[in-house]
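Below you'll find the structure, written out as C-alpha cells, and then a few comments.
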Amino acid sequence: MPTLHQDHPVHVLDLGDDENRFSPSWITGVNDLLDVVVQGSEAAALVTTGRGKFFSNGLDLGWLGENGDQAPQYLADVQRLLARLLTLPVPTIAAVNGHAFGAGAMLAMAHDFRIMRADRGYFCFPEVDVTLPFTPGMAALVQAKLTPAAAIAAMTTGRRFDGPTAVATGLVDRTADEAALVATATEAVRPLAGKDRGTLGSIKSTMFAPAAAALLAAAPAVPAR
Amino acid sequence: MPTLHQDHPVHVLDLGDDENRFSPSWITGVNDLLDVVVQGSEAAALVTTGRGKFFSNGLDLGWLGENGDQAPQYLADVQRLLARLLTLPVPTIAAVNGHAFGAGAMLAMAHDFRIMRADRGYFCFPEVDVTLPFTPGMAALVQAKLTPAAAIAAMTTGRRFDGPTAVATGLVDRTADEAALVATATEAVRPLAGKDRGTLGSIKSTMFAPAAAALLAAAPAVPAR
Amino acid sequence: MPTLHQDHPVHVLDLGDDENRFSPSWITGVNDLLDVVVQGSEAAALVTTGRGKFFSNGLDLGWLGENGDQAPQYLADVQRLLARLLTLPVPTIAAVNGHAFGAGAMLAMAHDFRIMRADRGYFCFPEVDVTLPFTPGMAALVQAKLTPAAAIAAMTTGRRFDGPTAVATGLVDRTADEAALVATATEAVRPLAGKDRGTLGSIKSTMFAPAAAALLAAAPAVPAR
C-alpha cells in the first residue's frame, strides 16, 4: 500500500513494492496521502516513486474483471486522481524506478517532471496492443505533456521505452542511477517547494484546463474498440 | 494514377510518376486503394510514396481554375481524404521521394510517420507565397503534428526544406538514400502491422479529434485572403 | 517611450531605454507605431528590441497599484496588444537585448521568432513567485509557442533563463552577441518582408485562433490566487 515519507520540505510518496496497480483501495490510499501533501501552507513538493521492479503497472485488470459493473465509477476515480495530480498545487516529480505501464505511465505523465532509472524498467503505453483505447481524458493528459511526434511514438505503437530512449523521445526529462534516483528527484524539486499553493495550483489548472476537464467529464465512457 | 503494391503485410501506395496533384479522379483513386488497405482484419500497414521528382505537388490548380464553381466540394473532398489518412486504422508512413508541396506536404503530415529522401526534393508549404491561406482544418492538421516552432517555420515563411533540414526542424522523422527509401519505410511499419484496426483507429481518432473535426466541417470555406 | 526606425524594408521598434514597462502611454505608443508598420502594402517586417539592460520588465505594477480600479481595462489593453502582435500581418522577431520578465517575456513570445543576447539578461516568467497567476489568455499565448516541457519549465518554476539556456529550452530560437543582435534579427526577417499582409495575417490568425480569442475575451478576469 502507498506510504508517505518526509525529506523536508519534500514529501516522498511511495507507491508500494509490488506492481502498484490502481486497485480501489490503492487509489484511496494515494488520495489520502495527497491530502497530507497539499494541506497547510508550509513549503512542500512531491516525489512519487515505487520500490522494486515497478513504478506502477496500471489499471487493476484483475479487480476490474470481477467487478465489471463498477467499471464506470472505477474509471472515474482513476481519472479524478490523474486530474488531481496534473493540477496539484505543489511541484511534483515522478521518480520512475521501474516499469510504468498504461495508467502507471499516465500517473508519471501527470507530474510536472519525470526522472527514470537508467538501467532497467520500461515506460510503455500498451493500450494499442490490449485493444483498450485511451479515453479522451487519458489521451488529453498524455498529449498535454508531449510533443506531437512523441505522442504518436508512445500512443500508437505500444513500444517499450527504456530510460535513455524515454529521454531521447521526451517521455521523461532525464535518467539517474537507481541508487541516486529518489535523491536526484528530491533535489530537483527542493528549490521549488516554496511556491504559493494557490498560485501554482491556479497556473497548472489554467495551463491544463482542457485535459483536466476531459479527465473530470461526468460520465467517462468505458473505452471500447 | 495511384496504384497499390503488396509487400506483405505492408501495402505500398504509389501516388504516381508525375506531379501527383490532387485531381478529382486521383482523389477517388487514392480513396479506392485505401478501401483495400483497411478492409478485412489481417495485419496491414501503409507506405505512401511516389515515383520520380514528386511525392505530390498539391492541389490541382489547373482543374480548379477551370471548375471554380466546384471548389467547395473539391476542397471538402481533399479535406476528407486528409482526415481519413490522419485517422486511418492501420499504421502509416509517408516515404517522401521528392517534392511535397502544399496539400502534398499535408498528405505526408497526415501519416503517422515520415521519411524523406536525403539528397533531393523539397518539403514546402507555399501557402503564404501564393496568397492562399490554410483553411482551419488544414492548419489544424499540420499543427497537430509539429512543435509550435516548427509550425511557425513551416507555415509562415514558405521556406523549402531539404531532407536534412526537414529532419532538423521536425517535419520528417528521418532521411534515407533514394534507393533505400521505400524499403526503409516498409521495415519501419512492418513490426506495427499487427495492431487491431478498431483499437488503433479509435486511438488516432481520439488523439486527433479536433483536427479531424475541422477537416470534416460541413462547409469548408474556400480560403480567401 | 517607444520609437520606430527604418532599415528598409524592416521596421525596428525600439521599446525604450528604461525598464520598458507596459504603462498605459507606453501601450498606446507601441500600438501607434504598429499602425505605421502594418499600413500600406509595400514589403515590411518587424524587429522589436530595447536599449540597455531591459527588453521589457512587464506590467507597470506601480501604475497598477495607484489605479486598481482601472485594472480590468488595463489588462484588456495589455492582452489586446499581445493578441495584435501574435497575429500581426507582417513577419516579426523579438531581439531580446536584456531582461524580459512577465508581460515583457509574453511580448517576446507573441513574435514569430526570438533571438536573445548571449551574455547577459534573463528571460523569466515570475508569475508563480509573485502570486499573480497567468490569465487564460496569457497562458494560451505562451503555450501556443512552446513545447509542453518548455511551458512547464518556464511557467511553473519562476526560473530565470539566460540566453544559452533559453535556446536549449526552446524559449528563444538563437542567441547573438549584443553588438550583432539587432542586425542579426533584421537579416533573419528581411527575406520574409515581401509576404502579402492579408495572407500572412490570415495564416497567423488561423494558427493562433484559440490563444487570440482567449486574449481578446470580453472581460479578462483580473488574475487572483
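Every chain is numbered from 1 and lettered A, B, ... according to where its sequence line falls, protein lines coming before strand lines. Below, each value reflects all heavy atoms present in this structure, side chains not excepted, and no hydrogens, waters or symmetry copies.
For the atom pair OG1 (B:T156) and CZ (C:F113), the distance works out to 4.5 Å, reported to the nearest 0.5 Å. Between the CG atom of B:L132 and the CG atom of C:D196 there is a distance of 11.5 Å, given to the nearest 0.5 Å.
Contacts of B:A140 with chain C are absent, with no heavy-atom separation under 4.5 Å from either backbone or side chain. With a threshold of 4.5 angstrom between heavy atoms, B:T147 approaches chain C through side-chain atoms but not through N, CA, C or O. Looking at C:L200, both its backbone and its side chain come within 4.5 Å of chain B, counting heavy atoms on both sides.
When the candidates C:Q143, C:R197, C:M207 are compared by the number of heavy-atom contacts under 4.5 Å with chain B, C:M207 comes out ahead.
Under the 3.5 Å distance criterion, the side-chain polar atoms of C:K195 are left unmatched by any main-chain donor or acceptor of B:D129.
Applying the 6.0 Å contact sphere to CZ of C:R84 captures more than 12 heavy atoms from other residues, nucleotides or ligands. Heavy-atom contacts from other residues, nucleotides or ligands closer than 6.0 Å to OH of C:Y122 number 12 or fewer. Few gaps surround CZ on B:R190; more than 12 heavy atoms of other groups in view lie less than 6.0 Å from it.
Heavy atoms only, all atoms of each residue included: B:A139 and C:T206 are closest at CB-CG2, 3.7 Å. Closest approach of B:P148 and C:K145 over heavy atoms only: CB-C, 3.5 Å.
Inter-residue side-chain proximity for B:F125 and C:I203 is flagged as unmet; no heavy-atom pair is nearer than 4.5 Å. Put simply, the side chain of B:F134 does not reach to within 4.5 Å of the side chain of C:T199, judged on heavy atoms.
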